[in-house]
*Asks:* 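After the structure tokens below, expect a handful of questions from me.
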Amino acid sequence: MTVDLRVDLGGIALRNPVLTASGTFGYGTEFAPFLDLRRLGGIVSKSLTLEPRTGNLPHRIAETHGGMLNAIGLENVGVDAFLREKLPALHPDVVVVASVFGTEIEQYAEACKRLTASPRVAGLEVNASCPHVKSGGIEFGQNPKLLAELVRVVRRATDRPVLVKLSPNVTSIAEMARVCEAEGADGLSLINTLQALDVDVETRRPKLRNVLGGLSGPAILPVALRMVFQAARAVKLPICGIGGIASAEDAVKFLICGATAVQVGTANYLNPAAAGEIADGLADWAEARGISRIADLVGSIEVPGA
Ligand SMILES: Cc1cc2nc3c(=O)[nH]c(=O)nc-3n(C[C@H](O)[C@H](O)[C@H](O)COP(=O)(O)O)c2cc1C
């Protein structure tokens, strides 16, 4: 039996539901020696700004139990260099979602406009975990009004599918999901990293120069799964589930809880071929259980008494 792995993520046609997560897979080309990128549903670029950024000073990464902390500071080559150098270096059959961010709403909109000029950009992922300077540094994704304004403006700036990547550092993920749906987003990606801290007991210093960082990896999987489940119940938008996925079975959990597709992040650091293996493993998993269409798994969770 051949399993039909195709899914539609808010207008982005994917050959299978496994993508790589922003910031953990460079611009794709870095990983081409380890796996054929056409085996993946797609890749999400490092978050891009209008101008290049150098990011934070080291240490920017620290290992934790079951994951890692990072405070890279969103280093990236900028939208124009991405379009000029990074995108053309990828095989034309690789599905590319461009992640964007800015500290002002207008910057997001302009970045989306420029990226929309390239037919190679299959969709945009709006990273809402960025501090809004004018509001004193609160993340766009932490304030429903700011988030609504961001999605509204980005929606007007592009006709490409727009996925909004939500911050998990909120009280109600369902509320944020509803805001995005109301403003015309085509899909949601969740979750970004959880705000966290680790400290060296000898020096009594934070492990990261930035003090706070974002926690990712297997440690956050159950939190991410809970948020995908809650968002899927709150809105009709397709969801791309992210958080600690390291195996095909982890990916299946997200599909069952309501995700249409998934992204693999921290696992790429341990094994650069991880996402390809997870995509292949998903087909094997479904075939072994006589499931002919992977999309049939989406939202198939059985909640006792519901
Ligand atoms: C080193 C590193 C850099 C990241 N950079 C970005 C980024 O630029 N934009 C973004 O939206 N998310 C970024 N993320 C978050 C990931 O895309 C993902 O949402 C998160 O790590 C959870 O998935 P995981 O547990 O599979 O890593 C980054 C994560 C890591 C570990």
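These figures come from a predicted structure and were not determined experimentally. In what follows, residues are counted from 1 in the order of the sequence shown. Just follow the structure's listing: the first ligand is 1, and inside any ligand the first atom is 1. Both backbone and side-chain heavy atoms feed into the values below; hydrogens, waters and symmetry mates do not.
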*Asks:* Can you run down the side-chain hydrogen bond (donor to acceptor under 3.5 Å, both in side chains) pairs that involve residues 225-244, sequence neighbours left out, and say none if there aren't any?
*Replies:*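 Counting only pairs at least two positions apart or across chains, the side-chain hydrogen bond (donor to acceptor under 3.5 Å, both in side chains) contacts touching residues 225-244 are R226-Q230.
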*Asks:* Tell me, which pairs form a side-chain hydrogen bond (donor to acceptor under 3.5 Å, both in side chains) where one or both residues lie in residues 53-68, sequence neighbours left out?
*Replies:*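 Qualifying pairs, neighbours excluded: R60-E75.
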*Asks:* So what's ligand 1 close to, N/O to N/O, under 3.5 Å?
*Replies:*
| from | atom 1 | to | atom 2 | distance (Å) |
| --- | --- | --- | --- | --- |
| ligand 1 | 5 (N) | K46 | NZ | 3.2 |
| ligand 1 | 8 (O) | K46 | NZ | 3.0 |
| ligand 1 | 8 (O) | S47 | N | 3.4 |
| ligand 1 | 8 (O) | S47 | OG | 3.4 |
| ligand 1 | 9 (N) | S22 | OG | 3.0 |
| ligand 1 | 9 (N) | S47 | OG | 2.7 |
| ligand 1 | 9 (N) | N127 | ND2 | 3.3 |
| ligand 1 | 11 (O) | N127 | ND2 | 3.2 |
| ligand 1 | 11 (O) | K165 | NZ | 3.1 |
| ligand 1 | 11 (O) | N192 | ND2 | 3.4 |
| ligand 1 | 12 (N) | K165 | NZ | 3.0 |
| ligand 1 | 14 (N) | S22 | O | 3.2 |
| ligand 1 | 17 (O) | S22 | O | 2.7 |
| ligand 1 | 17 (O) | K165 | NZ | 2.8 |
| ligand 1 | 19 (O) | K165 | NZ | 2.9 |
| ligand 1 | 19 (O) | I191 | O | 3.0 |
| ligand 1 | 25 (O) | G217 | N | 2.7 |
| ligand 1 | 25 (O) | G244 | N | 2.7 |
| ligand 1 | 26 (O) | G244 | N | 3.3 |
| ligand 1 | 26 (O) | G265 | N | 3.1 |
| ligand 1 | 26 (O) | T266 | N | 3.4 |
| ligand 1 | 27 (O) | T266 | N | 2.7 |
| ligand 1 | 27 (O) | T266 | OG1 | 2.6 |

*Asks:* Can you classify the ring geometry of F140 versus Y108 as parallel (below 30°), tilted (30 to 60°) or perpendicular (above 60°)?
*Replies:*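 Because their plane-to-plane angle is over 60°, the rings of F140 and Y108 count as perpendicular.
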*Asks:* Assess the side chains of S135 and N143: does a donor N or O sit below 3.5 Å from an acceptor N or O?
*Replies:*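 Checked: S135/N143 side chains show no N/O donor-acceptor pair below 3.5 Å.
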*Asks:* Through direct or indirect side-chain contacts below 4.5 angstrom among Ile, Leu, Val, Met, Phe, Trp and Tyr, which residues connect to I61?
*Replies:*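 Besides I61, the hydrophobic cluster comprises M68, I72, Y269, listed by chain and residue number.
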*Asks:* If we only count heavy atoms from C-beta on, is the V100 to E125 side-chain gap below 4.5 Å?
*Replies:*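 Heavy-atom side-chain distance check fails, nothing below 4.5 Å.
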